[in-house]
Amino acid sequence: MSATALRSHRAGELTRAHVGRQVRLGGWVHRRRDLGGLVFIDLRDRAGLVQLSFNPDWTPPAVMARAAGVGAETVVLASGVVALRPEASRDTSLGSREVEVHVTDLEVVGPAQTPPIPVARKEKEELPAEELRLKHRVLDLRRPELQRNLLLRHRLLQRTRQTLTDLEFLEIETPILTKPTPEGARDYLVPSRVHPGEFYALPQSPQIYKQLLMVAGYDRYFQIARCFRDEDLRADRQPEFTQIDLEASFVGPEDIQEIVERVLVDLWGEAGVEVARPFPRLTHREAMERYGIDKPDLRYGLEIRDLTPLLGGDAAPFLGEARAAGGRLRGIVVPGGATLTRKELDTLTSAARDARAGGLIWARRTAAGWEGQGVKAVGQRLLDALAGAEGDLLLAVAGPDTVTSPALHAVRTALTRRPGTAPATPHAFAWIVDFPLFEHDAESGLHVPAHHPFTAPHPADRDLLVGEPWRVRALHYDAVYNGNELGSGSIRITDPAVQHRIFELLGIPEAEIRRRFGFLLDGLAAGAPPHGGFALGFDRITMLLAGASSLRDVIAFPKTTAARALFEGAPTPVSADDLRGLHLQPLDD
RNA sequence: GGGGCUGUAGCUCAGCUUGGUUAGAGUGCCGCACUGUCACUGCGGAGGUCGCGGGUUCGAGCCCCGUCAGCCCCGCCA
């Protein structure tokens, strides 16, 4: 398959089986070693490296001279015979392979300037600054590590298509030029030339389109969808990103969860990791209670306990006050944690403080009993009531759940990151279900949708919608892996009246409901099947499976944290003429 | 919008704490030598607006202010 008009094989695919064969290779000069009378070149292509051997015994003088002159990253065509390496230099510990090519002809077809950043790195040589890697992206993309990542990405894409196709999903494309329908994040806007003053928006997700495809009767849809959000970036957030987007009709939450599990199991399988189905399920309330976060890392135990019922009269007064104000005392018992040093405890304390806790209470159980600053704080009675063993460490935080949950999650995370802490299992998937439908927005005092406004309320809670909307659970579910949110989904509202009611609850005026969501409401009124779906963050999944620490390492041409493209140089100013053509004019500052 | 870290040779870094002669190392690059290397080796050489602007000082890579860029985090991201 790799044979073309210009080459017979890829460099990296030659093995012992090719010995004696006449081959023609095309590739990049990875490294050159010139011994005077002999020259060796490591030739690199997508498949890997092979050594080209130039020796007067088989290489004409003119070719010898040419080989001695080629610089790094030059593209050459080399002809010769595959040979076993001399016994002494075969298969050394440095990973040299068994075969090399005895070159009889060498042609430079792509001369290269000396690369500003190295492609071939020495062992343990630091990577160039990320700014330079992004600026000289073609060179960086030549690195075997990035080639591996993008190869894996390709395989994951194909596997996704295969799995969903096998499950009778149809791949249907939705528009990139869409209608601005704010879903929370800021839209990228595209001015219309033919309609002065009007704009398209790039999709934050194909959400409404895929719902309309269900109304249109396509039953099962998926798309590897490019999405756009004009928000500030992080290591795991890019302004344009890819999600595996799917939707199905006549389904309940379990149907979608089973489908998504199949996709995830296959993707992890593609990366060589076996995963068991079904994934454990945890309600949102349980997750918050036991782990303090809605995306718990279940590779570790260290669950949070409510210590409030154990509090005795000998506890410090501030705990009574916290309790009177509606707060609780919650904590984690760390088996064997009594050996933590004072410095480590300080680190945990600052983790809790950074999460806005007043402090961290701690006590360790030694042969002599409990000791530490926490003894006085929580009181001897609580410690007696706490079923503990020698070597235990108690870490606790007091206050309202909005303080103790994030603080204890931070403490738990810090505990798991200590060197030498082994996870109970390397791959922990889970479903978090029964999310609340609304979230309280502290700033406005209003209720805002916890996810998006198309999520169906839990049938059992429907009566609460009018009086106590904040108590309503949603048919919403998240897929979580090792403390990472892989994606989320829900059963959607299909009754246009209910959907309308939700918009009203969110305080959207009638005229705006019509203007922004009229096409959705009309669609639902055309006869909507019950439906629901899911979206998986594909870049993040690839990053996790590639073992990369940044999304930028699994995207061919990523943006910087300031949303710039350093390689091609975007965004860029445009001429006044171009702006006029789009009926735009710059503001004078 | 806010906070932190970084910016010195093509690349990776040292020098900054305590301002003072000509800013160093490794690697890459150039030249010479070298017939089994694989991070080839040996010898020689070139290579610097210390991110940019301003200030303090007799004197600034080093101190101060501002600014730009990259990265990390908070806000934000249904």
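Order of the sequence lines fixes the chain letters, A, B, ..., with proteins taken first and strands second; residue numbering starts at 1 for each chain.
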Partner nucleotide, any strand, of [N] [Watson-Crick/G-U, under 3.5 Å]:
| N | result |
| --- | --- |
| rC16(B) | none |
| rG48(B) | none |
| rC71(B) | rG4(B) |
| rC38(B) | none |

Assess the side chains of [X] and [Y]: does a donor N or O sit below 3.5 Å from an acceptor N or O?
| X | Y | value |
| --- | --- | --- |
| Y481(A) | D297(A) | no |
| T15(A) | E98(A) | no |
| Q204(A) | R186(A) | no |
| Q51(A) | R33(A) | yes |
| T542(A) | R540(A) | no |
| H500(A) | E510(A) | yes |
| Y209(A) | Q207(A) | no |

Length of the [atom1]-[atom2] vector between [X] and [N], whole Å:
| X | N | atom1 | atom2 | result |
| --- | --- | --- | --- | --- |
| H136(A) | rG28(B) | NE2 | C1' | 14 Å |
| Y188(A) | rC77(B) | OH | P | 15 Å |
| R133(A) | rG70(B) | CZ | C1' | 12 Å |
| Q113(A) | rC30(B) | CD | C1' | 16 Å |
| R564(A) | rG70(B) | CZ | P | 7 Å |
| Q204(A) | rC76(B) | CD | P | 16 Å |
| M64(A) | rU35(B) | CE | C1' | 9 Å |
| E131(A) | rU6(B) | CD | C1' | 10 Å |

Using the [atom1] atom as the point on both nucleotides, what is the distance between [M] and [N], in whole Å?
| N | M | atom1 | answer |
| --- | --- | --- | --- |
| rG19(B) | rC13(B) | C1' | 23 Å |
| rU27(B) | rA39(B) | C1' | 10 Å |
| rU67(B) | rU6(B) | C1' | 16 Å |
| rU8(B) | rC71(B) | P | 16 Å |
| rG36(B) | rG51(B) | P | 46 Å |
| rG24(B) | rG61(B) | P | 14 Å |
| rA9(B) | rA23(B) | P | 14 Å |
| rG45(B) | rC50(B) | C1' | 23 Å |

Report task. Would you mind telling me which residue lines up with the more 5' stretch of RNA chain B, E231(A) or K559(A), judged by nearest nucleotide? Result ->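 It is K559(A), whose closest nucleotide lies nearer the 5' terminus.
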Query raised in the report: Starting at the 5' end of RNA chain B and moving along, which residue's nearest nucleotide shows up first, L38(A) or P118(A)?
Result: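 Result: P118(A).
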Counting just side-chain N and O atoms, does [X] come under 4.0 Å of either OP1 or OP2 of [N]?
| X | N | value |
| --- | --- | --- |
| R33(A) | rC40(B) | yes |
| R229(A) | rC76(B) | no |
| R31(A) | rC40(B) | yes |

Query raised in the report: Around atom CZ of F567(A), are there more than 12 heavy atoms of other residues, nucleotides or ligands at under 6.0 Å?
Result: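 Yes, because the 6.0 Å sphere around CZ of F567(A) holds more than 12 heavy atoms from other groups.
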Requested in this report: For atom CZ of R46(A), decide whether the heavy atoms of other residues, nucleotides or ligands shown that lie under 6.0 angstrom number more than 12.
Outcome: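 Counting other residues, nucleotides and ligands, CZ of R46(A) stays at 12 neighbours or fewer.
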For the side chain of [X], starting at C-beta, report the closest nucleotide among [options].
| X | options | answer |
| --- | --- | --- |
| R237(A) | rG75(B), rC71(B), rG36(B) | rG75(B) |
| L35(A) | rU37(B), rC72(B), rC76(B) | rU37(B) |
| T114(A) | rC71(B), rC29(B), rG36(B) | rC29(B) |

Query raised in the report: Which class fits the ring pair F503(A) and F517(A): parallel under 30°, tilted 30 to 60°, perpendicular over 60°?
Result: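 Plane angle under 30°, so parallel.
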Select base, sugar-phosphate, or nothing to describe what [X] touches, counting heavy atoms under 4.0 Å on all strands.
| X | answer |
| --- | --- |
| R552(A) | sugar-phosphate |
| S53(A) | base |
| D230(A) | nothing |
| A562(A) | sugar-phosphate |
| E100(A) | base |
| T560(A) | sugar-phosphate |
| A450(A) | sugar-phosphate |
| R234(A) | base |

Query raised in the report: Taking N and O atoms by type only, does the side chain of R32(A) place a donor or acceptor under 3.5 Å from a partner on the base of rU37(B)?
Result: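 By the distance-only test, no, there is no pair.
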Report task. Tell whether R356(A) reaches the base of rC74(B) with its side chain through a donor-acceptor pair below 3.5 angstrom. Result ->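 Check fails, no donor-acceptor contact within cut-off.
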Query raised in the report: Ion pair present between R552(A) and D539(A), side-chain N to carboxylate O less than 4.0 angstrom?
Result: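 The answer is no: the pair does not qualify as a salt bridge.
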Each nucleotide N or O in nucleotides 12-16 of chain B that has a protein N or O under 3.5 Å away: list the pair and distance.
residue	atom	partner	partner atom	Å
rU12(B)	OP1	A129(A)	N	2.4

